[in-house]
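When a ligand or atom number is given, it counts from 1 through the structure's own listing order. We use all heavy atoms of the structure for the numbers below, so side chains are in, but hydrogens, waters and symmetry mates are not.
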Amino acid sequence: MSSPRTPDVLVIGGGIIGLVTAWRAAQRGLATAVVDPEPGGGAAQVAAGMLAAVTELHYGEQTLLGLNLASARRYPEFAAELTELTGLDVGYRRCGTLAVALDADDRTHLRELHALQRQSGLESEWLSGRECRRLEPMLAPGIRGGLRADGDHQVDPRRLAGALTAACERVGVVFHRTWAERLTVVGDRATGAVLRDGTTAAGQVVLAGGSLSGRLAGVPADVLPAVRPVKGQVLRLAVPARCAPFLNRTVRAVVRGSQVYLVPRENGELVVGATSEELGWDTTVTAGGVYELLRDAHELVPGITELPLTETRAGLRPGSPDNAPLLGPTELPGLLLATGHYRNGVLLTPVTGDAMAQVLATGELPDEARPFTPRRFGAAALLEQPA
Ligand code: GLY
């Protein structure tokens, strides 16, 4: 079936990035449609929802840090706006984060991270092992120190996805609950998509398919985003009321080179993540993945083994060549990207919605989003780089 009215914007992919783009575009008066067999699904159903601009800082990613911080600052208002519009709570919790060290090597690594945070003007405080345990009494006695980042909060990505779907419905976004099979290109312009059950034309098309974004047929090879799936296995446990509060804030560490984090929700859910595996499209939950997460989490918080394990799940992060998102117009007129958010999709949701709505409405990305243009990977941009 074809859409009764040609939308101004067709968003391919109804994960949280596609939904926020559609919501914000519709708020600007653009007739908007989303194509996805299951809007609100995808990586948000797996992600823990850490808003970790400070504790996930990496060398060489200072430009991304600016975007991460801009988005983190918008979260309180963004969450409140969604709740006001939909009546749905998104689980935004200003809990802070504690990154801890289990041994001398970890401590050296965390000290380096602390120095980088300070150089970058970020707020974090070095704590002794004893001070960490005073904040979080369930931590293992052997903790060697930690970094307290009171600005790294959390949101519940499943609730966020539900609220964004409802917000889209409120502002008149049309949902095509099916797969997009091919981008339609006429002459040198993207003009819509062939869906599994019909076609739809659109003034502009946004490809927001998460890790699947590089697979849409019909997209010219030089425009197809170089996103790849990076598997993350995540566990959910339940903290019985008699054990609450089990943890007061997100606790994380790097154990034997692997990230592990424990994110406590107000409703008693405790999310433990995440593996990072380059295994293509595989989303199998493996005994090894669950074992490693529980082993590492147990080293941080021994009492975790007493909690009921309620869910195991794997999702796919959309990894990009420089770990940063691809936002805005491509070299193919009419086709824009909102993908490649890798480890920061939940954090970057507010700023992505704002940036995409602005570029869809005006043709111009806001300043903060310009470094993330997909054109940075184009042939011309690569030729300009120094050898
Ligand atoms: N940002 C957490 C993760 O991707 O595992």
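- Geometrically, Arg111 engages Trp126 in a cation-pi contact, judged by NZ or CZ lying under 6.0 Å from the ring centre and within 45° of the ring axis.
- Within the 4.0 Å heavy-atom criterion, the part of Met50 lying near ligand 1 is the side chain and not the backbone.
- Counting protein heavy atoms only, atom 5 (O) of ligand 1 is closest to Tyr261 OH, 2.6 Å.
- The shortest side-chain heavy-atom distance between Pro225 and Leu207 falls under the 4.5 Å cut-off.
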Test Arg159 against Glu266 for salt bridge (Lys or Arg N to Asp or Glu O under 4.0 Å), laying out the working first.
-> CA-CA 13 Å; Arg159 290 179 175 209; Glu266 241 152 23; over 6 Å; no

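- Ring planes of Tyr92 and His153: perpendicular class, angle over 60° (limits at 30 and 60°).
- The atoms of ligand 1 that sit less than 4.0 Å from any heavy atom of Ala274 are 5 (O).
- If you check the side chains of Glu61 and Asn323, you find a donor sitting under 3.5 Å from an acceptor.
- The atoms of ligand 1 that sit less than 4.0 Å from any heavy atom of Glu56 are 1 (N), 2 (C).
- For atom 1 (N) of ligand 1, the closest non-hydrogen atom on the protein side is Arg343 O, 2.8 Å.
- In this structure, atom 4 (O) of ligand 1 lies nearest to the protein heavy atom Arg317 NE, 2.7 Å.
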